[in-house]
Amino acid sequence: MKLQGRLVLLTGASGGIGEALAQELAAQGAHLLLQGRKGAALERLRRELSYPERHQIAIADLCSAADRARLLQHPALDEGLDVLINNAATTQFAWLEDQSAEQVERQLRLNVEAPIQLTRALLPRLRKPAVIMNVGANLGAVGHAGYSVYCASKFALHGFSEALGRELADSGIRVIHFAPRTTRTQLDSEAAYAMNVALGTPIDSPFEVAEYAVITLCNETRRRWLGWPQAMMVRLNALCPWLVDRWLARQRTVIERYARHGLTKGAEHGAE
Ligand SMILES: NC(=O)c1ccc[n+]([C@@H]2O[C@H](COP(=O)([O-])OP(=O)(O)OC[C@H]3O[C@@H](n4cnc5c(N)ncnc54)[C@H](OP(=O)(O)O)[C@@H]3O)[C@@H](O)[C@H]2O)c1
């Protein structure tokens, strides 16, 4: 798909990957409806983009059904939509028993319920050809200690993308599952990033991720797992999960230290 003149609804536009994605999409000539909860951040982003007059903002808490309904009434969507990018998400890096009921609920509502409900409601408004891009994660195919709920949510989004893509085959609507690996944004806690440094996990910049996302979108590639060895790990986990169990078991002590005791205790003990 060529993005010139296409209307794109981008959720989580004010976040790390969202902002970088908005810049890439605007540079390709797309017209953006930028969604987030903070009007000032969205308006600043809109003004910084190429051709700011082509873009609009929509303030909505996607965990709220009423806000989602209000988003659907946005005048920019009156004439239909070419691309929906479900990008907004949240995470909680912690052992399950240390998470509150509210933290669990927030992750499931924003990462699973919101994109499914938004997609369902927007399906009749998509102009053909159209693309739905769901931003997943490599943790949507490989379970990782400290991320049980986030993994559950991203596995769900992965399954949703695959099933919907098959449901809509030959309909003129392409469904893409785009899965970044660890990226330096505000999504995760400092303890999580410190753990990644301690484990030697590669960390991408949001600009690299956005570049790949736009290539994936333009090529309409159904599935994209970013980075090596993460893409290989996704395949290995599907075929021989016991090998991945063994590999991740070696990292468990470090993961637990950062997940349960946070940055101070983790840093104090140093990397392993
Ligand atoms: N960063 C990583 O390491 C990483 C790795 C793999 C995959 N991903 C995926 O990449 C996507 C973008 O992540 P990111 O790292 O850019 O995250 P981020 O920097 O934390 O941005 C999250 C975005 O979601 C919005 N948001 C949060 N809560 C919301 C709510 N209740 N309703 C509406 N919008 C809400 C935030 O805007 P407001 O706060 O203004 O609402 C922000 O624009 C996510 O799907 C994430 O799972 C990220």
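Indexing begins at 1, ligand by ligand and atom by atom, following the structure's order.
Residues L157 and V209 fall into different hydrophobic clusters, defined by Ile, Leu, Val, Met, Phe, Trp and Tyr side chains chained together at heavy-atom separations under 4.5 Å. Note: the hydrophobic cluster containing L118 does not contain L21 (ILVMFWY, side chain heavy atoms under 4.5 Å, direct or indirect links). Both L34 and V214 are part of a single hydrophobic cluster, where members link through side-chain heavy atoms under 4.5 Å apart. Both M1 and I85 sit in one connected hydrophobic cluster of ILVMFWY residues. Membership requires side-chain heavy atoms under 4.5 Å apart, directly or through other members.
For a threshold of 3.5 Å applied to N or O pairs, the pair formed by G36 and ligand 1 contains no separation below that value. The distance criterion of under 3.5 Å between nitrogen or oxygen atoms is met by G16 with respect to ligand 1. At under 3.5 Å, a nitrogen or oxygen of I17, whether backbone or side chain, sits near a nitrogen or oxygen of ligand 1. In terms of polar-atom proximity, G12 is counted as a contact of ligand 1, with an N or O under 3.5 Å from an N or O of the ligand. Considering both main-chain and side-chain atoms, S14 comes within under 3.5 Å of ligand 1 through a nitrogen or oxygen pair.
Within the listing of ligand 1, atoms 7 (C), 8 (N), 46 (C), 47 (O) sit less than 4.0 angstrom from a heavy atom of Y150. Residue T182 has at least one heavy-atom neighbour below 4.0 Å for each of these atoms of ligand 1: 3 (O). With ligand atoms numbered from 1 in the order given, ligand 1 contributes 22 (C), 24 (O), 44 (C), 45 (O), 46 (C), 47 (O) to contacts under 4.0 Å with heavy atoms of A89. The atoms of ligand 1 that sit less than 4.0 Å from any heavy atom of A60 are 32 (N), 33 (C). Within the listing of ligand 1, atoms 43 (O) sit less than 4.0 angstrom from a heavy atom of A13. Within the listing of ligand 1, atoms 9 (C), 10 (O), 11 (C), 45 (O) sit less than 4.0 angstrom from a heavy atom of V135. In the vicinity of C63, heavy-atom distances shorter than 4.0 Å reach the ligand 1 atoms 31 (N). The atoms of ligand 1 that sit less than 4.0 Å from any heavy atom of G136 are 7 (C), 8 (N), 9 (C).
Contacts of L187 with ligand 1, taken as heavy-atom pairs under 4.0 Å, involve both backbone and side chain. For T183, heavy-atom contacts with ligand 1 shorter than 4.0 Å involve the backbone as well as the side chain. Neither the backbone nor the side chain of A114 comes within 4.0 Å of ligand 1, counting heavy atoms alone.
In this structure, D188 has no heavy atom closer than 4.0 Å to ligand 1. Residue contact check for ligand 1: A41 places no non-hydrogen atom closer than 4.0 Å to it. Under a 4.0 angstrom heavy-atom cut-off, T90 registers as lying outside contact with ligand 1. Between S64 and ligand 1 there is no heavy-atom distance shorter than 4.0 Å.
Residue K38 holds the heavy atom nearest to atom 39 (O) of ligand 1 of all those in Q186, Q35, K154, K38. When the heavy-atom distances from atom 38 (P) of ligand 1 to R184, R109, R37, Q107 are ranked, the shortest goes to R37. If you check each of R181, Q230, R106 against atom 5 (C) of ligand 1, the one with the closest non-hydrogen atom is R181. For atom 32 (N) of ligand 1, the candidate residues are L62, L10, L45; the nearest heavy-atom contact is made by L62.
In the model, R106 has no side-chain atom that pairs as donor or acceptor with a side-chain atom of Q103 under 3.5 Å. Side-chain contact annotation: D204 with T182, donor-acceptor N/O pair under 3.5 Å absent. Residues N134 and S161 bring a donor and an acceptor atom of their side chains to less than 3.5 Å of each other. Y150 and D188 share no side-chain donor-acceptor pair at under 3.5 Å. At a cut-off of 3.5 Å, with distance as the only test, no side-chain donor of Q23 or E48 sits close to an acceptor on the other residue.
Screening R127, K2, R125 against D82 for a salt bridge (charged side-chain N to carboxylate O under 4.0 Å, His left out) leaves a single residue, R127.
What you find for T90 and L110 is that their closest heavy atoms are N-CD2, 3.8 Å.
Note: H158 and W225 have perpendicular aromatic rings, judged against thresholds of 30 and 60 degrees for the angle between ring planes.
Both tests hold for R184 against Y193: distance to the six-membered ring centre under 6.0 Å, angle to the ring axis within 45°.
Other residues, nucleotides and ligands contribute only 12 or fewer heavy atoms inside 6.0 Å of the OH atom of Y212.
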Test log, rule salt bridge (Lys or Arg N to Asp or Glu O under 4.0 Å), inputs R46 and E53: CA-CA 8 Å; R46 189 190 69 79; E53 67 287 355; over 6 Å; no
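In terms of protein heavy-atom proximity, atom 31 (N) of ligand 1 is nearest to D61 OD1, 2.8 Å.
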